[in-house]
Amino acid sequence: MADPNPGASGRPVYIHMHGGGYVTTSTVIYPIIQRIAYDCQCLVVSVDYRLAPETSYPGALDDNYAALQWVHDNAEMLGVDRKRIAVGGESAGGGHAAALALRARDRKEIPVIFPLLIYPMLDDRTGSTRRAPRCMGRYVWNEASNRFGWSAHFGVTAGSAEVLPGSVPARVEDLSGLPPAWIGTGSIDLYAEEDITYAKRLMAAGVPPELAVFQGGYHGFDVIAPSPTVSRRFREGWQSALRRAFATV
């Protein structure tokens, strides 16, 4: 948890889910969380969800929803506004955030105003039944990595018919009723095509997403190389989107 203003009340809250291909975590999330809290003046709650393959779907989603429920139920103690709850994450965390927004929509118990999806992992078919273009997924995270992560997450082969219905955001047929999202990716990221497709499907369902595709960006480029202009512009883009989402309520 990162809190830029301890003791404050009525501030927005961002529930963050870390990346790691569903199978691992990393200490790089801690400075990211702190930066979000101070730059966006919000409380950040980061979920230590259970990892695959020890825990398969829907274990991590249950953990993330439990965190959402806890924040909502303890809003007064935390000093947050129940009407300004955003969720998000990078890579697998972005996939978790998309799945969490879908569950919140379906259960109609807790309003989520905004999913922040940073090069999100949305489609298990990428790299399994659907090959990526040759220019994508050659750095950091490739097709083999993707097959392993998704297969570990499900306990069945990625891209197969055995994957549980509703468990993959990109396979969910009805995306209507979701809150507006920000989706950002790099043009040579393995996830570029699936992220663009998801944004198009949101638009077709009447949900207005903001899509940002950064030229030459590979998976995690803004974390691996934070200094170049493209990385700074990428961070500024999603931070600005999160601040706007909090300001609209």
Check side chain to side chain donor-acceptor pair (under 3.5 Å) between Glu76 and all other residues, then give those that pass, not counting sequence neighbours.
->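 Side chain to side chain donor-acceptor pair (under 3.5 Å) list for Glu76, sorted by chain: Arg82.
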Under the side chain to side chain donor-acceptor pair (under 3.5 Å) test, which residues partner Arg130, sequence neighbours left out?
->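 Once residues adjacent in sequence are excluded, the partners of Arg130 under the side chain to side chain donor-acceptor pair (under 3.5 Å) criterion are Asp123.
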If we count only N and O atoms by modelled type, under 3.5 Å, do the side chains of [X] and [Y] hold a donor and an acceptor together?
X	Y	result
Arg244	Thr248	no
Thr126	Glu194	yes
Tyr119	Asp222	yes
Glu109	His72	no
Trp141	Tyr191	yes

Indicate yes or no: does Asp39 engage Arg235 in a salt bridge with an N to O separation below 4.0 Å.
->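 A salt bridge is absent here (no side-chain N lies under 4.0 Å from a carboxylate O).
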Please determine if Arg201 and Asp174 form a salt bridge, counting it only when a charged side-chain N lies under 4.0 Å from a carboxylate O.
->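 Result for this pair is no, no salt bridge flagged.
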Value rounded to 0.5 Å, distance of CG in Asn5 from CG in Leu43 |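 Rounded to the nearest 0.5 Å, the CG-CG separation comes to 10.0 Å.
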Enumerate donor-acceptor pairs with a distance under 3.5 Å from any side-chain N or O in residues 153-164 to protein atoms, sequence neighbours excluded.
unit_1: Ser160; atom_1: OG; unit_2: Thr157; atom_2: O; d: 2.8
unit_1: Ser160; atom_1: OG; unit_2: Glu162; atom_2: N; d: 3.3

Pairwise side-chain contact, Val140 with Phe221, heavy-atom cut-off 4.5 Å (strictly under) =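 Heavy-atom side-chain distance check fails, nothing below 4.5 Å.
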Side chain to side chain, Asp189 and Phe214, heavy atoms closer than 4.5 Å |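 No, side chains not in contact.
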Validate the cation-pi geometry between Arg84 and Phe114: distance from NZ or CZ to the six-membered ring centre under 6.0 Å, angle to the ring axis within 45°.
->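 Because its charged atom misses either the 6.0 Å distance or the 45° angle limit, Arg84 does not stack over Phe114.
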